[in-house]
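Numbers restart at 1 for each chain; the letters A, B, ... are given by sequence-line order, proteins then strands.
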2 protein chains.
Amino acid sequence: MIEADIFKALADPTRRKVFEKLAGGSLNASALRDGLEISQPAMSQHLAVLRAAGLVREERQGRFVNYEVDPDGIATIGTWLARYRAYWPKRMEALAGLLKEMDQ
Amino acid sequence: MIEADIFKALADPTRRKVFEKLAGGSLNASALRDGLEISQPAMSQHLAVLRAAGLVREERQGRFVNYEVDPDGIATIGTWLARYRAYWPKRMEALAGLLKEMDQ
DNA sequence: ACAACACATAAGTATATGCTTATGTCTCGT
DNA sequence: ACGAGACATAAGCATATACTTATGTGTTGT
């Protein structure tokens with residue numbers, strides 16, 4: 001069940017910060033560290049968790065490893081969230097607007 | 001940061017099952033137990049976590065406590081997910097379809 | 001070839017988490 | 001009023017998790 005891995009991965013605040021950084025574009029493991037006070041092994045371990053969850057994917061480039069958001073993870077969250085559409089509040093019309101744009 | 005509480009709450013498989021049950025409609029704590037092999041105190045603790053996260057709200061009715069999905073929690077996930085719209089895959093058009101229905 | 005770099009993995013440790021049993025609080029029916 | 005039911009809370013315990021230090025692997029530049 002990859003859904004379990006996704007929510008577990010996002011339960012950690014550091015991993016959410018990392019993921020948010022990647023929302024701005026691809027970055028390597030070292031670049032992801034600055035700003036966050038975190039050791040190199042800790043970052044490596046966090047990235048492994050995000051990767052295993054399908055939230056992030058890697059691409060080795062020489063001795064660097066570039067990480068980027070994996071749309072598969074996003075899709076899993078989206079379809080999970082869709083199951084609760086009956087409870088989506090008015091506020092989420094903004095989200096609906098974005099989706100309609102996408103659809104065109 | 002309630003966002004942290006939400007992802008932590010959903011990281012547990014039992015709590016996700018409970019939440020999914022509530023998607024079908026309001027239920028009390030005992031009704032939520034059947035099907036799941038879980039003790040009464042454990043369920044009570046899980047419900048407390050879901051409530052603290054804003055995913056669920058309660059309404060006491062006599063000696064029963066009815067629980068239902070809280071749209072606030074759903075909204076928080078929705079707005080979080082919206083931050084990653086640049087990475088939403090084509091597959092999420094299905095989600096867009098649902099939203100368009102809703103919008104009418 | 002070798003040193004420095006970028007990253008991953010291993011092993012150990014402290015804390016967080018989810019469970020258990022025991023008990024408390026409130027409500028209902030008789 | 002009293003016993004039973006529905007739920008919450010407390011305390012203790014076993015496991016999971018996120019960190020640390022140490023080391024391994026592969027790459028780059030000289």
Side-chain angles (χ1 to χ4, degrees), chain A residues 1-22 24-70 73, chain B residues 1-22 24-70 73:
Chain A
M1 168 73 87
I2 196 113
E3 201 170 80
D5 295 327
I6 289 199
F7 285 117
K8 274 197 179 186
L10 294 173
D12 183 79
T14 301
R15 282 195 290 265
R16 280 201 309 282
K17 281 178 197 165
V18 168
F19 193 66
E20 184 130 4
K21 275 196 165 193
L22 289 176
S26 168
L27 287 172
N28 63 51
S30 296
L32 282 168
R33 280 182 66 203
D34 38 86
L36 308 177
E37 289 204 0
I38 189 172
S39 70
Q40 179 269 316
M43 176 57 79
S44 186
Q45 288 159 13
H46 281 309
L47 288 169
V49 171
L50 288 168
R51 195 174 346 110
L55 283 164
V56 148
R57 59 187 178 196
E58 66 177 44
E59 186 187 355
R60 184 164 265 282
Q61 272 175 346
R63 56 178 163 175
F64 296 85
V65 178
N66 264 29
Y67 285 91
E68 61 182 356
V69 171
D70 187 340
Chain B
M1 168 74 87
I2 195 116
E3 202 170 80
D5 295 327
I6 288 199
F7 285 117
K8 275 196 179 188
L10 293 173
D12 183 79
T14 302
R15 282 194 291 265
R16 280 201 309 283
K17 282 178 197 164
V18 168
F19 193 66
E20 184 130 4
K21 276 196 165 194
L22 289 175
S26 170
L27 286 172
N28 62 52
S30 295
L32 282 167
R33 279 182 67 202
D34 38 85
L36 308 177
E37 290 204 0
I38 189 173
S39 70
Q40 179 269 316
M43 175 58 79
S44 186
Q45 286 159 13
H46 281 309
L47 288 169
V49 171
L50 288 168
R51 195 174 347 112
L55 282 164
V56 148
R57 59 189 177 194
E58 67 178 41
E59 185 188 355
R60 184 164 265 282
Q61 273 177 342
R63 56 179 162 175
F64 296 85
V65 178
N66 263 30
Y67 285 91
E68 62 182 354
V69 171
D70 187 340

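- A donor-acceptor pair under 3.5 Å is absent between the side-chain atoms of Arg57(B) and the main chain of Asp70(B), judged by distance alone.
- Taking the side chain as every heavy atom from C-beta outward, Leu22(B) and Leu32(B) approach each other to under 4.5 Å.
- When side chains are defined from C-beta on, Leu10(A) counts as touching Arg16(A), because their heavy atoms get closer than 4.5 Å.
- In this structure, Asp12(A) places its CG atom 11 Å from P of dT17(D), rounding to the nearest Å.
- Applying the 4.0 Å criterion to OP1 and OP2 of dA18(D), one finds that Arg15(A) has a side-chain N or O inside that range.
- As rounded to whole Å, 11 Å separates atom P of dA18(D) from atom CZ of Arg16(A).
- Between its two ends, the helix from dA1(C)-dT30(D) to dT30(C)-dA1(D) turns its axis by 30°, counting five pairs per end and rounding to 10 degrees.
- Counting heavy atoms from C-beta outward, Met43(B) and Leu36(B) have side chains that approach closer than 4.5 Å.
- Taken to the nearest 0.5 Å, the NZ atom of Lys8(B) stands 13.5 Å off from the CD atom of Glu3(B).
- Side chains of Phe19(B) and Val69(B) form a contact here, defined as non-hydrogen atoms less than 4.5 Å apart.
- Applying the 6.0 Å contact sphere to NZ of Lys17(B) captures no more than 12 heavy atoms from other residues, nucleotides or ligands.
- Side-chain atoms of Val49(B) and Asp12(B), non-hydrogen and from C-beta on, never get closer than 4.5 Å to each other.
- Boundaries of the chain B contact region on DNA chain C are dT17(C) to dC28(C), first to last in 5' to 3' order (nucleotide atom under 4.0 Å from a heavy atom).
- A heavy-atom distance below 4.5 Å is not found between the side chains of Val18(A) and Ile38(A).
- As a whole-Å value, the separation of Gln45(A) CD from dA18(D) P is 10 Å.
- Protein atom CZ of Phe7(B) is 17 Å distant from nucleotide atom P of dT17(D), rounded to whole Å.
- To the nearest angstrom, P of dA8(D) lies 10 Å from CG of Asn28(B).
- A residue-by-residue look at Val49(A) and Arg60(A) shows that Val49(A) has its nearest nucleotide of DNA chain D further toward the 5' end.
- The separation between Glu58(B) atom CD and dA6(D) atom C1' is 13 Å, rounded to whole Å.
- Put simply, NE2 on His46(A) is 13 Å from P on dT17(D), counting in whole angstrom units.
- Counting heavy atoms from C-beta outward, Val65(A) and Asn28(A) have side chains that stay 4.5 Å or more apart.
- Spacing between atom CE of Met43(A) and atom P of dC19(D) amounts to 10 Å, rounded to whole angstrom units.
- DNA chain C lies under 4.0 Å from at least one heavy atom of each of the following residues of residues 32-41 of chain B: Ser39(B), Pro41(B).
- In the set dA8(D), dA6(D), dC19(D), the nucleotide with an atom closest to the side chain of Tyr67(B) is dA8(D).
- Proximity of a side-chain donor or acceptor of Arg33(B) to a complementary backbone N or O of Gly35(B) within less than 3.5 Å is not detected.
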